[in-house]
Structure formats: structure tokens, C-alpha cells
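Reading through the C-alpha cells given below for one structure.
Every chain is numbered from 1, with letters handed out A, B, ... down the list of sequences. Note: hydrogens, waters and symmetry copies are ignored here, and every other heavy atom, side chains too, is used.
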Amino acid sequence: MSETYEQMWSELGLDLEAHDALLQVLGKGYQDIYMSQSGRAAGMEYFNFVMSEVHGLRVKELLDGKKEGRKVIGSFCVFVPEEIVRAADAVLVGLCTGADFAMEEVEKLLPRNTCSLIKSAFGFKLGKVCPYMESADLIVGENTCDGKKKAYETLDKLVPNLYVMDLPQTKSPEGRALLKAEYERFKKAVEKLTGVEIDGARLKRGIEIVNNKRKAVHRLAQLRKADPVPISGLDALLVNQVYFYDDPIRFTDSVNKICDELEERAATVNGAFPENTPRILLSGCPMAVPNWKLPWIVETSGAAIVGEESCVGERGTRNLTDASAATVDGLMDAIVDRHFLVDCAIFTPNPDRLNHVKEMKDAYGADGVIHYGLQFCQPYQMESIPVEADLENHGIPTLRIDTDYGMEDVEQLKTRVEAFIETLR
Amino acid sequence: MIVAGCDVGSLSGEAVILKDNSILTYEIMRVRPRPEQTAQDVMIKALSKADLTLADLDYCVSTGYGREKIPFAHSSISEISCHGRGAHWANTEVRTVIDIGGQDCKVIRVDKRGYMVDFAMNDKCAAGTGRFLEGMAKALGVSLSEMGPLSFESSSPIGITKTCSVLAQYDVVCMINDGMEVADIAAGINKAMAERISKMTKKVGVRKEVAMTGGVAKNSGVVHGLKKVLDVDIVDLNGVDPQIVGALGAALFAQERAERELRK
């Protein structure tokens with residue numbers, strides 16, 4: 001695909017040589033991890049295609065859209081309300097944060113002990129390899145953890161269009177009021193960017209588009225409750241990852257198609273793994289493309305992942321936005337209420353998350369929980385200790401893994417994960 | 001029925017041949033550059049001691065870091081399960097196994113049948129592992145096997161405060177230059193190892209009986225230190241070399257799997 005898009009990438013200011021190297025690594029990783037799986041749904045072919053064109057056709061679509069006035073907004077977090085973006089006929093895309101790149105440049109700007117996700121965002125910018133970031137008319141940085149908050153101060157000097165959204169840290173009335181005020185401010189910013197006035201009808205349409213996308217992934221999640229599980233955790237994770245990039249309507253259709261296929265499969269007991277394969281619930285930090293390391297280790301060590309308690313997963317997508325209000329203000333309230341339920345570890349205290357882990361464990365029939373903490377992600381690493389203690393107290397086998405995007409610890413992790421799975425049998 | 005377990009770790013490789021649930025022969029060797037080479041060599045050596053060849057094996061389970069690269073193994077199991085299983089076979093009273101290998105250490109809790117139920121593992125660095133001891137012995141200019149007995153000659157062990165192998169090695173060199181007693185330094189090293197491992201053991205919980213496996217279990221200084229810090233006896237493996245326990249566990253799993261296949 002290189003030649004086809006070279007001009008486009010070049011115009012976006014990408015470093016073609018570095019970008020080629022990145023695509024090669026990405027392509028090889030995808031081949032090794034994804035294409036080696038057996039018994040995949042035929043509908044995953046669409047996602048293979050999306051991944052093969054992730055920096056190609058999709059970016060071209062965005063750029064074609066921009067020529068017609070469709071603005072592109074980039075985001076790093078599920079707290080950026082997509083409903084508002086869609087209401088203005090703009091596009092929301094998740095920015096690249098799932099791989100180490102240009103680390104020597106990054107570490108000139110950020111401390112070494114910054115989490116991989118934040119470093120990755122900087123690496124893609126400094127290495128000039130993220131076409132999404134370069135296509136974005138507006139980049140939204142959100143004040144979640146301290147790492148991101150402070151890193152945005154530095155990112156602001158690297159990009160011309162950073163918009164910082166403040167976020168509450170407590171689930172209090174004051175916290176909700178802050179979120180409401182910030183979403184109102186964001187709505188105005190989107191209106192200013194797009195020149196579109198967001199009225200009730202537009203907001204309802206935005207909500208509908210995003211809700212449909214959520215409903216499709218809910219449907220997929222439901223299917224994973226079956227034993228044998230009809231889809232691998234890797235494939236389900238990929239669907240959740242592509243959620244952030246793809247055209248929402250096409251994405252919704254594609255996920256529903258897979259669900260149709262899997263429903264048929266479930267009827268014939270044709271799983272992605274044999275019956276009675278140990279079932280794992282992943283919980284913790286989000287996994288952005290191409291961060292497939294831990295799921296790949298788990299699923300090549302004799303277990304199947306049946307759910308992700310993660311922002312790239314059920315934490316991020318589980319609630320719908322109520323579209324029944326008649327006024328713009330009522331709909332904005334509904335959007336605030338929906339997002340205020342997200343139980344990210346930046347909230348203190350955050351009991352809902354632990355409850356959700358236990359709910360998911362039961363709902364998906366998981367035999368054990370693997371807690372994934374990104375090294376130096378203080379909120380999730382701090383929470384992982386009480387979460388593990390509570391789960392163990394409830395008799396739920398739990399393995400706590402702290403790792404990063406590097407591949408140096410794969411063998412050690414494999415030993416640990418295999419041993420954990422051996423205790424579940 | 002003849003089965004085998006093969007454990008290829010970071011520093012050494014071991015093979016154990018079981019015949020009808022008892023150890024027929026075993027072999028230990030320093031690792032070769034490639035795990036498959038180590039596995040092949042150590043297994044052939046062990047087999048030849050009993051005039052056997054690979055073709056005589058009904059089943060072979062591999063374990064250790066090289067477990068997936070061993071061509072003649074029928075399946076693989078993590079060394080954590082294997083050490084638990086092997087130690088329990090050697091002494092059925094064992095419920096807690098402290099395994100200190102070349103590049104990591106693990107504490108394993110097993111049930112009354114020898115199956116692992118919980119574990120903790122240090123795999124972040126070489127501190128508290130065989131590699132650490134090896135480096136220290138080198139700095140002291142003594143052999144690894146002398147490290148244990150040496151430390152009993154000391155009356156005042158020197159405190160080793162660094163957990164990092166590289167930095168601790170530097171400290172040891174400085175101590176020697178300062179004219180400190182080699183025995184006191186060795187005792188300090190063993191004590192530091194024991195203290196580090198005891199922290200991890202306490203995390204899993206000390207349930208009696210406690211056994212030690214892996215190469216470091218051959219260091220009487222560390223074993224003695226652990227007994228003291230944990231205030232618990234470390235039981236005997238009834239003559240089984242602690243270094244072959246991983247391979248032994250793998251052989252026991254091989255026996256179980258071979259029997260299961262026969263029943264099919």
C-alpha cells in the first residue's frame with residue numbers, strides 16, 4: 001500500500017522512512033498474532049482489511065471528508081463525548097498510543113518513568129508517524145491522570161491545535177457540575193470549529209449513531225458468555241480497538257454481521273477454543289492498537305479471554321446515552337450522566353469499578369481475572385492491589401501483571417500466565 | 001512405562017527419567033547457547049546412563065524458559081507447576097516450595113496432591129537469584145559451592161544493602177579492598193538473599209512443610225538464613241537433588257499424561 005498513499009502521507013508531513021518501518025512492524029505483528037489464529041469468524045475479514053488500511057484508506061477517507069468540510073477531532077480518552085462530535089457532522093478518532101516509537105526523542109521531553117501510553121502518543125508525534133494526529137483539526141487532551149495532565153502542557157508546544165478538557169476526580173455533585181460545564185464548553189468549541197450550530201435534532205442523531213455502535217459491541221459481548229466462546233479475546237479486543245477509528249455506521253454494520261455469524265456458530269457449538277478452555281477476564285489499563293502483548297500471551301498459553309474491563313472494552317462502551325429528552329439541555333444532561341458513570345481509576349474513591357469486575361466475572365463465567373497495569377500508571381496500579389485483595393477474598397483467582405509496551409519480559413510473563421492458567425484447571 | 005521431564009532454564013538444563021514412578025536416572029548440565037541444544041544433550045546423556053534412547057520414551061514434558069523450543073517434548077508445563085509437583089513427590093508433606101533458579105525465584109503453594117494453588121514470582125531482575133550468587137562468588141574469588149560452607153565460618157556477617165546484582169558486586173569488591181573477611185562477606189550475601197526471598201515467601205504465606213528447590217537450595221548458607229528469618233524448618237527432599245526438581249515435576253506430569261493417553 002506504500003506507493004498508493006505515499007503522496008498523502010508526505011503531504012501530511014509524515015517521515016516516510018520511519019512510517020514505512022512502523023507499518024512493517026505493525027503488519028508483521030498482525031500476521032504473527034492475528035492471522036495465526038484458527039477458527040476465526042469470516043466476518044473478521046473486514047477487520048483484517050481495516051488493519052491493513054489503518055494508515056491508508058481510512059486516512060484517505062478522513063482527508064476526503066475534510067475537503068467537504070468534515071472536521072476531524074482526535075482524542076486520547078473515552079471521556080471525550082463522541083455524541084457531540086457526530087452531532088456537528090465531524091469525525092472523532094482515537095489517536096495512536098499503542099506502541100513504542102522514537103523513545104530517545106520522547107525521553108528528552110518526558111521523564112523515563114512515564115507510562116508507555118503517554119510516551120507512545122509523544123513518540124508518534126515526534127517520530128512523525130501518526131497520520132491521524134496530523135489530520136486532526138482539533139486534538140483533545142483530557143485531564144485524567146497527572147501524567148497526561150502534565151504531558152499535555154508539553155504536547156501543547158508540539159501541536160498547534162490542542163484543546164484541554166478538564167475532568168472531575170470525584171463522583172460528587174460538584175464533580176458532575178464540572179463535567180457538565182466542560183461538555184458545554186466542548187460543544188461550543190466543536191460548534192466554532194465546524195460552523196455548525198448543534199440543535200436538539202442533531203444531538204439526537206449524534207447520540208443515535210454512537211448508541212448503535214455501543215449496542216453492536218454489547219451484542220458481541222453477550223455472545224462471549226457462551227462456552228465454548230465463539231470469538232477469541234484477541235479478535236474481540238481488535239473490534240473494540242477499531243471502534244475508535246472506523247466510520248461508526250460501517251463499523252456498527254460490520255460488528256452486527258459478525259454477531260449474526262457467531263449466533264449461528266453458537267447454535268452448532270463451534271467455538272474459537274475447545275469447550276472447557278479456562279476463561280479469563282482482563283481488567284485494568286486500556287490496550288490501544290497494536291498493544292496485543294498480554295492477550296496474545298494469554299491466548300497462546302491455553303486460556304480464552306472472555307471480557308475486557310477496560311476503556312478499550314466494556315468500561316468504555318457499556319452504557320447507552322438516553323436520547324429521550326426534548327431539549328438540547330436535556331440531551332446534554334443525558335450525555336453527562338452517561339459519561340459520569342465511567343469508573344476510571346482517576347476517580348476517588350472508585351468502588352463501582354471493583355463491583356463491575358465482579359459482575360463481569362460472573363456474567364462471562366470467567367475462571368480468573370488478570371489485572372493489567374501499565375507500568376507507571378499510578379491510578380490503575382494503585383487500585384490493582386485492593387482489587388486483587390478483594391477478588392481473592394471472594395475466592396476469585398487473580399493475577400496482577402504490571403508491564404509496558406516492550407517485548408523484553410514476554411518469556412517471564414508467559415511463565416507467570418501459564419502457571420496462573422494451570423491453577424485454574 | 002518410561003517417561004521424561006526436561007527443564008531448560010537460564011543457567012542449567014536438567015533431565016529426569018522416570019520408570020514406573022521412580023527415578024531411573026538424571027543429568028544436570030550448564031546451558032548451551034541454544035535451548036534445543038541443551039535439551040538434546042542433557043536428555044541423551046541422562047538416557048544413555050540407563051542404556052536408553054529417545055525412542056524408548058513413552059512421553060516427555062518440557063519446562064523452564066526453553067520449554068517451547070524442545071523438539072522431542074510432547075507438551076510443556078510451566079516450571080512453577082513442575083517445581084511444586086516435584087517437591088511434593090519427594091516429600092508429600094510439602095505445601096510451600098521456594099524455588100530459586102538462575103534468573104528468578106518463586107514461592108509456590110501446593111495442595112495435598114502436589115498441584116499448585118498459588119504462587120509469587122520475582123522476574124524483574126537478578127536480585128535474589130542464582131545469577132546474583134554467581135556474580136558475588138566471582139567477586140569474592142570463590143566457587144559457588146564454597147559460598148554456603150564459607151558463611152558458617154563467619155561470626156559477624158556484613159550487611160549488603162544493595163539489591164541490584166551489579167551494584168552489590170561493586171560493593172563486594174570495595175569490601176574486599178577494605179580488607180574485610182571473605183567469610184563475613186559471603187555470610188552477608190547469603191543473609192541478604194534469604195531476607196529478600198523471605199519477603200516474597202511471606203506474601204504467599206508460609207504453610208508447612210516448606211521445601212527449597214533449584215540450584216540455590218544447594219547453598220547451605222542461604223537455606224540456613226531462610227530457616228532463621230522465616231522461623232520454620234526447611235524439610236529434606238529425601239535425597240532428591242534440589243536442582244532436578246523442576247525436571248522431576250515435568251516427568252511426573254509426563255507420566256500422568258502418558259497414562260491418560262493410554263486410557264483413551
Check your understanding: Got more than 12 heavy atoms from elsewhere within 6.0 Å of CG, B/Asp231?
Key -> no
Review point. Just wondering, are more than 12 heavy atoms of other shown residues or ligands nearer than 6.0 Å to CD in B/Glu134?
Key: yes
Review point. When you look at CE of B/Met1, are more than 12 heavy atoms from neighbouring residues, nucleotides or ligands closer to it than 6.0 Å?
Key: yes
Practice item. Return the set of residues passing side chain to side chain donor-acceptor pair (under 3.5 Å) with A/Glu107 (not counting sequence neighbours), or none when no residue passes. Key: A/Lys119
Exercise for review: Please check if atom NZ in A/Lys358 has more than 12 non-hydrogen atoms from other residues, nucleotides or ligands closer than 6.0 Å.
Suggested key: yes
Review point. Minimum heavy-atom separation for B/Ile77 to A/Glu418, with atom names?
Key: C-OE1, 4.4 Å
Revision key, fill the gap. Value for CD (A/Glu422) from CZ (B/Phe119), rounded to nearest 0.5 Å, stands at 9.0 Å
Review point. For chain B, which residues from residues 384-402 of chain A have at least one heavy atom closer than 4.5 Å to it?
Key: A/Leu399, A/Asp402
**Study point:** B/Tyr170 atom OH, over 12 foreign heavy atoms within 6.0 Å
**Key:** no
Point to revise | Options A/Thr423, A/Leu424, A/Ile421, ranked by heavy-atom pairs under 4.5 Å with chain B, top entry | key: A/Thr423
Point to revise | Approximate separation, where rounding is to 0.5 Å, of A/Phe420 CZ and B/Met121 CE | key: 14.5 Å
Exercise for review: State, to 0.1 Å, how close A/Thr415 and B/Ser78 come at their nearest heavy-atom pair, and which atoms those are.
Suggested key: O-CB, 3.9 Å
Practice item. Decide yes or no for B/Tyr65 and A/Gln412: does some side-chain heavy atom of the first lie under 4.5 Å from some side-chain heavy atom of the second? Key: yes
Check your understanding: Any side-chain heavy atom of A/Lys414 sitting closer than 4.5 Å to one from B/Arg67?
Key -> yes
